[in-house]
Amino acid sequence: MASGNVKKKPLRIALIASERTLCEYSIFLEHLMVGLADESIRAALVCPPGCDVDAVFTGAAEIITYPVLNLPLMGPLNVRMLVERLAKFEPTVLHCLCESKASLTRQLAHRLDLPYVLMVNSLQKRWGHLAVSSKHCTKIIVPTESIAANLASVHPNFSDRIEQINIGTFVTESRRCFSEPSRLATMVVADPLDKADDFENLFSVIRHLLIDDYEFMTVIVGGGRAERQLWKLLAALGLLHIVSIVPRHMPWRSVLAAGDIFIQPQPNFAFDPVLLEAMSIGSAVAGCKSGVDDLIIEDRTAVVFDPNDELSIKGTLQRLLDRREFARQIAGTAQQFLRENHSVSKMIAATLQAYYEAQQ
């Protein structure tokens, strides 16, 4: 990163977001928008029509919907209309918030002759293509060391543009994990629900814990093509009375706040903002390694299991349910890790610096 004496011109930022970004990264986006507002930086948010922008603090930001005409063969016209709207806003830097909008942002940067920064939040496949302009893209921002290393390996031509900026969060002073001894233990799971196979071992373990007279309830946050199969599996295992599935579009931070234990059932190959928030409120995390696992440090910020081994899953959950002070210790250590490495103020400062450098 360049030194802090870069001459700072007034910024006007256009944020390019997908529907998934607005849903899953809503807290990050809200923190970023508040940071821009605090610095009196004008912002525009480009997002698909129908998105619940009211769920995210946008301040005085201008909301620009794209595409306006969601019809076949209307792509070129939609891009032209978006270029015209952005030209009126007069941004100085574009910020693409996810890989799915990388191609669109590259087009906009070319037509408006503007610099942009690109966020990459997931591991890239060696045979995949990432749309990056060698002329206009000044930074590729990644949230973890594992994604930075992967990106540099898959796209070595862009390695000098990669910068890690940890996504920030506000950590609560208290620990949610077993903070009310008389309350029924609650486990929360967050997952896209795309494959029923991802849950078979976990549901079997929940059934065996129930047979062993453990008292708890489980909430699954998510939605996807396998949801109907999961309901059938829960019914077949006799778990409908202790396992609930709630949609991802609900205020999931309030759902997380009810959980003593947060379970990551499978490796995640993208940065998981829900895991970050679960740690921030003081839930004890049970997760698995591989994928983007930078937040999961065994027996420090989380306990770790093998998702393909029922005995491993059961032993890990029993460890947390039986040893509640140990679970609270894991939760507290994770919170301290976030305070040291995932502060919102540092995230905002580093992002603003990336914007200012892009303008030069």
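The structure displayed is predicted, hence computed values, not measured ones.
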Undergrad: Have a look at I16 and tell me which of L108, L97, I64 forms a side chain to side chain contact (heavy atoms under 4.5 Å, CB included) with it.
TA: L108

Undergrad: Can you tell me how far CE of M33 sits from OG of S26, rounded to the nearest 0.5 angstrom?
TA: 12.5 Å

Undergrad: Establish, from distance only, whether the side-chain atoms of S204 and R207 form a donor-acceptor pair under 3.5 Å.
TA: no

Undergrad: Regarding S122 and E99, is there a side-chain donor-to-acceptor distance under 3.5 Å anywhere?
TA: yes

Undergrad: Side chains of Q335 and T172: any donor to acceptor distance under 3.5 Å?
TA: yes

Undergrad: Using 30° and 60° as the class limits, which term best fits the ring planes of H136 and H110: parallel, tilted or perpendicular?
TA: perpendicular

Undergrad: Looking at side-chain heavy atoms only, is the closest gap between L230 and F203 below 4.5 Å?
TA: yes

Undergrad: Taking the six-membered ring of F89 (Phe, Tyr or Trp), confirm whether the NZ or CZ of R42 is under 6.0 Å from its centre and within 45° of its axis.
TA: no

Undergrad: Could you tell me the separation between the CD1 atom of I165 and the CD1 atom of I162, rounded to the nearest 0.5 Å?
TA: 12.5 Å

Undergrad: For Q164 and N166, does a side-chain donor sit closer than 3.5 Å to a side-chain acceptor?
TA: yes

Undergrad: Can you tell me how far the NZ atom of K314 sits from the CG atom of D212, to the nearest 0.5 Å?
TA: 4.0 Å

Undergrad: Taking C-beta and beyond as the side chain, do T351 and Y356 meet within less than 4.5 Å on heavy atoms?
TA: no

Undergrad: Going by atom types alone, do Q329 and E325 pair a side-chain donor with an acceptor below 3.5 Å?
TA: no

Undergrad: Passes ring pair (Phe, Tyr, Trp, His ring centres under 6.0 Å), H95 versus Y116? Steps please.
TA: CA-CA 6 Å; H95 184 171; Y116 72 96; 9.8 Å; no

Undergrad: Taking H342 for the side chain and I167 for the main chain, is one N or O donor matched with an acceptor at less than 3.5 Å?
TA: yes

Undergrad: Out of R176, R175, R324, R183, which one pairs with D260 under the side-chain hydrogen bond (donor to acceptor under 3.5 Å, both in side chains) rule?
TA: R183

